[in-house]
Peer 1: 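Pasting in a structure now, in structure tokens, and then I'll have a few things to ask.
Quick note on labels: first sequence line is chain A, next is B, and so on, each numbered from 1. In this text, all values refer to a predicted model and were calculated from it rather than measured experimentally.
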Amino acid sequence: MKTFVYIDHFKGEVQPASWEALGVAKSFGSASAVIFGSGLDALTKTAFEFGADEVLLADDSALTDYRAEAFASTLSALASSRTPDLILFPTTARTRELAAMTAIDLNTGVLVDVTALSLEGDKFIATRPIYEGKLLEKTVCSGKPVIATLRARAFPRPAQDASKSGGATKVETKINSLTTVEGYTVAEAVVNLGDAGVIVSGGRGVSNNPSLTPPAGLDEKQAELWRAQQGFKLVGELASVLGGAVGASRAAVDGGYIPYSHQVGQTGKVVTPDLYIACGISGAIQHLVGMRNAKLVVAINKDADAPIFKQARYGVVGDLFAIVPALTEAFKKKLGKQA
Amino acid sequence: MKIIACIKQVPDSEAKVKAENGQVSWGDAPLVINPFDEYAVEGALQQKEASGGTVTALCIGPESAKEALKHALAMGADDAVLVSDPALTSLDTVGAARLLAAAINKIGGADMVVFGRQTLDDGSGITAAQTARVLGWPMLGLAGQIKVADGSASSPQGIQVERVIEEGRQIVSAKLPAVISVVQSIGEPRYPSFMGIRKASKAVIPVWPLSDIGLSAPAPITSRLELVTPPSRNVTCEIITGESPAEIADKLADKILAEKVL
Ligand SMILES: Cc1cc2nc3c(=O)[nH]c(=O)nc-3n(C[C@H](O)[C@H](O)[C@H](O)COP(=O)(O)OP(=O)(O)OC[C@H]3O[C@@H](n4cnc5c(N)ncnc54)[C@H](O)[C@@H]3O)c2cc1C
Ligand SMILES: Nc1ncnc2c1ncn2[C@@H]1O[C@H](COP(=O)(O)O)[C@@H](O)[C@H]1O
């Protein structure tokens, strides 16, 4: 089987699930890494290191910024001429669009956010969560090529072999410019929850520390935000000791404590870390659907009856403002000792 | 400004969804407008308020989906269309996109078609981009903010959106007509007003069979072989206690380290 693997990146920074997709492709036969952008020589080398048999590179200043139409047209033209059996993507906001449009161009279908993929005879059978993960479906695509996006962390990441390298095959770009990228607002830091092995999340509880006295002159809402900042600082410190990312409940996002890109749950991100620590989060169903497939869930909440404890393996009934910093200290000691 | 909001009807997110004889069952849980599509209706109404015009809610689904359309009407949509046909037994996203594109054309086109981010049931999050591709219109996905720039008779109106992406926010512009999908940052969906509910309850929603939009039922390209109930995870929570936060933290850290997840 011949597989294209689309290497998704933002200004050269790769979504690591792209390499996981490359590993899946290799298990079926040959894997061609497809890379679009400009100035991406280093990325070509990395693709070979992760096991690509060839690299198909469209390097063009017109592709500096991702634009769905231009990228999809370039990919469709490439797939039409080289006829892969399968095109794999890591599931990201960009690749959902790209896979969607490429499927229309090639008159085939897309299997989105796949968590298992097998080849039976000449058919790819994909497993994917539906109804917010309440069910799984096994699905096939009768079109050719089969297009699938793979959920981050659902497949093993291949080992990187620094001795590998190779030259890229140049690909022609199809500039189809229906949209113009005007720029970015860079106020927010990059949050990569989908790929995180550890997530420490804060909820409405992070603003609930009456004993903290905010600076004078703040009104009630400002004082709440100030308290939430202190709370999220503690959450962030624990995340950083564990090498993890910071998540949030919707109540925390709606409260203005933290940007939307951190939100876990139905209207936020679905995440599958190895460790998820929920601090001051009650555990509403819309939050649980976003994190219940984490390997290990730990909950810290004042309220012993909070539903989050039903999802958690370990729990602490207590004040997060006391427990979280203590946990950070404990890990500092223990992880420091181990190293 | 002519605006269309595409909405679907889905089982409520609190529903206990199960596999029963190979079919999805949600018992007697209520069917509701897909929560993401409430944001689509909200985004559409905001644009109507900013630029004038009309909002039409569009849905492909069974007769019961009229209730979801009525919710959109109650929120303030001007009219609604249901595409429904007994021949539509299984519809994949490509099929849905082709039908939506045909229905949009039959409505008489639009300046802007607004989608939700994804459905709660299938959850693919790709129908908007596929519809845009079928129509040949620009796709502005995951918009947290929409701005329409003034146009003149000779030059079409332009649109600019702030896309909420993993890496922050990307500002993208295009000419109308365009397809947009929206996320939560667009603003909380408004509650139906009393007047809106009254209007919606009296509304007669036109139902278009496939023959009306000039298509036959699209053959699904992706199809389900099997439904699987995910292995249930029986977690019992062990509550860690101790004399002081430091002692609790110490015990908890040991437990976590013993699980070898770090
Ligand atoms: C359509 C729809 C979509 C939604 N999507 C999402 C989504 O994507 N993600 C999401 O998270 N929610 C979502 N929600 C909202 C969800 O229903 C809940 O309202 C939300 O998750 C509650 O957030 P929370 O747990 O932080 O706040 P709360 O429910 O208010 O819980 C706060 C918790 O903090 C505890 N606490 C307070 N102070 C402390 C302290 N000092 N120390 C320790 N614990 C403390 C309290 O005991 C309480 O359990 C959605 C809702 C709807 C209707
Ligand atoms: N049957 C349908 N009728 C109308 N709109 C739909 C339908 N299915 C999907 N959509 C729209 O497409 C979006 C994405 O759907 P999906 O790709 O299935 O996740 C939804 O949020 C709706 O706006």
Side-chain angles (χ1 to χ4, degrees), chain A residues 10 68-69 92-93 96-97 99-101 103-104 108-112 125 130-132 134-143 178-186 188 190 192 242 260 266-267 274-275 285-286 295-296 298 309 311-317 322-323 326-327 329-331 334, chain B residues 13-14 17 19 24 35-36 92-94 97 120-126 129-130 133-134 138-142 160 162 164-174 184-185 221-230 235 237-240 245-246 248-250 252-253 255-257 259 261-262:
Chain A
F10 180 73
E69 286 85 9
T92 67
R96 278 189 208 248
E97 282 180 4
M101 291 184 174
I104 294 289
T108 182
V110 191
L111 307 163
V112 180
I125 301 192
I130 54 172
Y131 292 85
E132 303 180 273
K134 291 171 188 163
L135 289 173
L136 301 171
E137 66 171 5
K138 289 196 173 174
T139 321
V140 287
C141 170
S142 62
L178 290 175
T179 51
T180 310
V181 175
E182 308 283 355
Y184 299 85
T185 49
V186 283
E188 292 172 25
V190 174
N192 209 338
L242 298 174
Y260 169 62
Q266 183 192 97
T267 40
D274 295 326
L275 172 62
I285 178 77
Q286 296 90 352
K295 254 193 214 140
L296 183 70
V298 175
F309 287 119
Q311 292 291 320
R313 177 68 190 87
Y314 299 110
V316 177
V317 179
I323 304 297
L327 196 55
E329 283 312 311
F331 275 120
K334 290 174 201 284
Chain B
S13 104
E14 314 267 344
V17 178
V24 181
F36 297 98
D92 61 8
T93 61
V94 174
L120 266 200
D121 49 1
D122 180 62
S124 288
I126 63 173
Q130 295 193 314
R133 199 67 167 178
V134 172
M139 172 70 214
L140 302 165
L142 307 178
Q160 184 169 317
E162 199 173 286
V164 182
I165 57 173
E166 273 103 345
E167 294 81 9
R169 297 195 173 212
Q170 186 189 37
I171 298 159
V172 182
S173 64
Q184 178 187 313
S185 318
I221 303 174
T222 60
S223 42
R224 180 183 299 157
L225 297 177
E226 197 185 327
L227 273 178
V228 187
T229 308
V235 279
C237 184
E238 183 180 338
I239 299 289
I240 313 289
I248 295 172
D250 189 68
L252 178 57
K255 295 275 187 193
I256 293 172
L257 288 170
E259 299 270 353
V261 287
L262 291 176

Peer 1: Given that the side chain runs from C-beta out, which part of B/Thr93 has a heavy atom under 4.5 Å from chain A: side chain, backbone, both or neither?
Peer 2: neither
Peer 1: Examine whether an atom of B/Leu227 lies under 4.5 Å from a heavy atom of chain A, and if so say whether it belongs to the side chain, the backbone or both; otherwise answer neither.
Peer 2: both
Peer 1: Using heavy-atom distances under 4.5 Å, tell me whether A/Val140 contacts chain B through its side chain, its backbone, both, or neither.
Peer 2: both
Peer 1: Any donor-acceptor pair under 3.5 Å linking the side-chain atoms of B/Glu166 with those of A/Thr92?
Peer 2: no
Peer 1: Below 4.5 Å from any heavy atom of chain B, which atoms of A/Leu135 appear? Answer side chain, backbone, both or neither.
Peer 2: both
Peer 1: In Å and rounded to the nearest 0.5 Å, what is the CZ to OH distance from B/Arg169 to A/Tyr260?
Peer 2: 9.5 Å
Peer 1: Taking every non-hydrogen pair under 4.5 Å, which of A/Ile130, A/Val110, A/Thr267 racks up the most with chain B?
Peer 2: A/Thr267
Peer 1: Between B/Leu142 and chain A, with a heavy-atom cut-off of 4.5 Å, which part of the residue counts as in contact: side chain, backbone, both or neither?
Peer 2: side chain
Peer 1: If you tally heavy-atom pairs under 4.5 Å against chain B, which of A/Ile285, A/Leu296, A/Asn192, A/Ile323 wins?
Peer 2: A/Leu296
Peer 1: Taking every heavy-atom pair that is under 4.5 Å apart, which of A/Asp274, A/Val317, A/Leu111, A/Val298 has the most such pairs with chain B?
Peer 2: A/Asp274
Peer 1: Pick from B/Ile171, B/Ile126, B/Val261: which one has the most heavy-atom pairs with chain A under 4.5 Å?
Peer 2: B/Ile171
Peer 1: Among B/Val94, B/Ile248, B/Asp122, which residue forms the greatest number of heavy-atom pairs with chain A at distances under 4.5 Å?
Peer 2: B/Asp122
Peer 1: Checking A/Arg96 side chain against B/Ser124 main chain: does a donor-acceptor pair fall under 3.5 Å?
Peer 2: yes
Peer 1: Do the side chain of A/Glu69 and the main chain of B/Met139 share a donor and acceptor less than 3.5 angstrom apart?
Peer 2: yes
Peer 1: Counting heavy-atom pairs under 4.5 Å with chain B, which one of A/Ala312, A/Ala322, A/Gly143, A/Ala103 comes out on top?
Peer 2: A/Ala312
Peer 1: What verdict does the side chain to side chain contact (heavy atoms under 4.5 Å, CB included) test give for A/Tyr184 and B/Glu167, after you've listed the backbone C-alpha separation in whole Å, the side-chain angles of each residue and the deciding distance to 0.1 Å?
Peer 2: CA-CA 9 Å; A/Tyr184 299 85; B/Glu167 294 81 9; over 6 Å; no
Peer 1: So which residue, B/Ala174, B/Pro245, B/Ala246, B/Pro35, ends up with the most heavy-atom pairs under 4.5 Å with chain A?
Peer 2: B/Pro245
Peer 1: Shortest non-hydrogen contact from B/Cys237 to A/Gly315?
Peer 2: SG-N, 3.6 Å
Peer 1: With chain B, which of A/Gly183, A/Gly109, A/Ala326 has the greatest number of heavy-atom pairs at distances under 4.5 Å?
Peer 2: A/Gly183
Peer 1: Can you say whether A/Gln311 sits under 4.5 Å from chain B via the side chain, the backbone, both, or neither, judging by heavy atoms?
Peer 2: backbone
Peer 1: In terms of heavy-atom pairs under 4.5 Å with chain A, which of B/Gln184, B/Glu226, B/Lys255 leads?
Peer 2: B/Gln184
Peer 1: Looking only at side chains, do A/Tyr314 and B/Glu259 share a donor and an acceptor under 3.5 Å apart?
Peer 2: yes
Peer 1: Identify the two heavy atoms, one from A/Glu97 and one from B/Gly141, that lie closest to each other, and give their separation to 0.1 Å.
Peer 2: OE2-CA, 3.6 Å
Peer 1: Could you please spell out the steps behind the side-chain hydrogen bond (donor to acceptor under 3.5 Å, both in side chains) verdict for B/Glu162 and A/Thr185?
Peer 2: CA-CA 9 Å; B/Glu162 199 173 286; A/Thr185 49; 4.6 Å; no
Peer 1: Do you know which of B/Asp92, B/Leu120, B/Val134 has the most heavy-atom pairs under 4.5 Å to chain A?
Peer 2: B/Leu120
Peer 1: Short question: side chain of B/Gln130, backbone of A/Ala100 - any donor-acceptor pair under 3.5 Å?
Peer 2: yes
Peer 1: Evaluate side chain to side chain contact (heavy atoms under 4.5 Å, CB included) for A/Lys138 paired with B/Val228, printing each intermediate quantity in order.
Peer 2: CA-CA 8 Å; A/Lys138 289 196 173 174; B/Val228 187; 4.2 Å; yes
Peer 1: Heavy-atom distance under 4.5 Å to chain B: side chain of A/Ala68, backbone, both or neither?
Peer 2: neither
Peer 1: Could you tell me whether a side-chain N or O of A/Thr179 sits under 3.5 Å from a main-chain N or O of B/Ser173, the two making a donor and an acceptor?
Peer 2: no
Peer 1: Using a cut-off of under 4.5 Å on heavy-atom pairs, state which of A/Leu327, A/Ile125, A/Ile104 scores highest against chain B.
Peer 2: A/Ile104
Peer 1: Identify which part of B/Asp250 has an atom lying under 4.5 Å from any heavy atom of chain A, answering side chain, backbone, both or neither.
Peer 2: both
Peer 1: Out of curiosity, B/Leu257 CG to A/Leu275 CG, how far, rounded to the nearest 0.5 Å?
Peer 2: 9.5 Å
Peer 1: So, does A/Lys134 use its side chain to make a donor-acceptor pair with the main chain of B/Thr229 at under 3.5 Å?
Peer 2: no
Peer 1: So which part of B/Leu262 gets closer than 4.5 Å to some heavy atom of chain A, the side chain, the backbone, both or neither?
Peer 2: side chain
